[in-house]
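First the structure, in the form of C-alpha cells, and then the observations on it.
Order of listing sets the numbers, starting from 1, for every ligand and every atom in it.
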Amino acid sequence: MTLRPAVFIDRDGTLTDEVGYVNHPARLSLIPRAAEAIRRLNAAGVAAVVVTNQAGIARGYFSEDVLGKVHDALHAQLASAGARLDGLYACIHHPTEGRPPYRAACECRKPKPGLLRRAAEELGLDLARSVMVGDKASDLVPARAVGAAAVLVLTGYGLGEWEYRRAHFDVQPDHVARDLLDAVEWALARRSLA
Ligand SMILES: [Mg+2]
Ligand SMILES: [Zn+2]
C-alpha cells in the first residue's frame with residue numbers, strides 16, 4: 001500500500017469553535033471556512049484526520065455515548081458542506097482525574113503523539129510528509145515527535161498562545177496561519193504533499 005500524507009487537525013478551536021466542554025451536539029459549530037479547508041484536502045487526496053483530547057469523559061462531564069453524538073453532528077455538518085473526514089481520533093483519558101480505565105497515563109493524550117501514530121497505522125499515512133494543525137502549543141509537540149510539520153492557527157486559543165506564550169513553546173511552529181483554511185493552503189503548497 002502506498003502511504004499517503006495527511007493533515008492532522010485539532011478539533012476545538014481549530015475545526016470547531018472553542019466553547020469549553022462540548023457536552024451536547026448543539027454546542028458544536030464549525031469555524032468559518034473550516035469546511036472549505038476539509039473540501040480542499042478531499043479534492044487533493046490528502047487525508048483529513050481529526051485528533052482531539054476529550055478529557056471531559058475522564059472527568060465525568062459527559063459520556064462516550066455523548067461524544068459519539070457530538071461527532072455524528074460534526075460529520076453531518078461537514079457532509080452538508082460537501083466535506084468529509086478520513087479519520088477522527090479522540091483521547092478520552094486524563095492522567096489524574098476520574099477513574100480507570102479513563103484515568104490513565106496514556107500514550108494518546110496530546111502532547112503525546114499516540115493518536116497520530118494510531119491513525120498512521122490504521123489509515124496508511126506517511127507521517128514525515130504530513131502536517132499537524134492546532135491552536136495550542138501542545139498541538140505542535142506531537143507533530144515534531146513524529147516528524148510532521150507543525151502549524152499554529154490563530155483561531156481558538158491560538159492568538160493568545162502566539163502573542164503571549166510563544167517564548168515558552170517547547171516546539172515552535174513551522175508556520176502560523178490565520179485559520180484552518182490558511183493552514184491547509186500552506187500545507188498543500190508544500191512539495192511534500194504533492
Ligand atoms: Mg484546540
Ligand atoms: Zn489517551
Under 2.8 Å from the Mg ion (ligand 1), is there an N/O/S atom belonging to E18?
no
Spacing of D174 atom CG and R144 atom CZ [to the nearest 0.5 Å]:
5.0 Å
Taking the N/O/S atoms of D12 one by one, which is nearest to the Mg ion (ligand 1)?
O
Distance alone, cut at 3.5 Å: any donor-acceptor contact between the side chains of R59 and Y21?
yes
The Mg ion (ligand 1) -> D10, closest N, O or S atom is OD2
D135, N/O/S atom nearest the Mg ion (ligand 1):
OD1
Testing V19, D17, T16 for side chain to side chain contact (heavy atoms under 4.5 Å, CB included) with S29, which one passes?
D17
Strictly by modelled atom types, are H75 and R84 linked by a side-chain donor-acceptor pair under 3.5 Å?
no
State whether a side-chain donor-acceptor pair under 3.5 Å links Q54 with Y61.
no
Which atom, among the N/O/S set of H93, is closest to the Zn ion (ligand 2)?
ND1
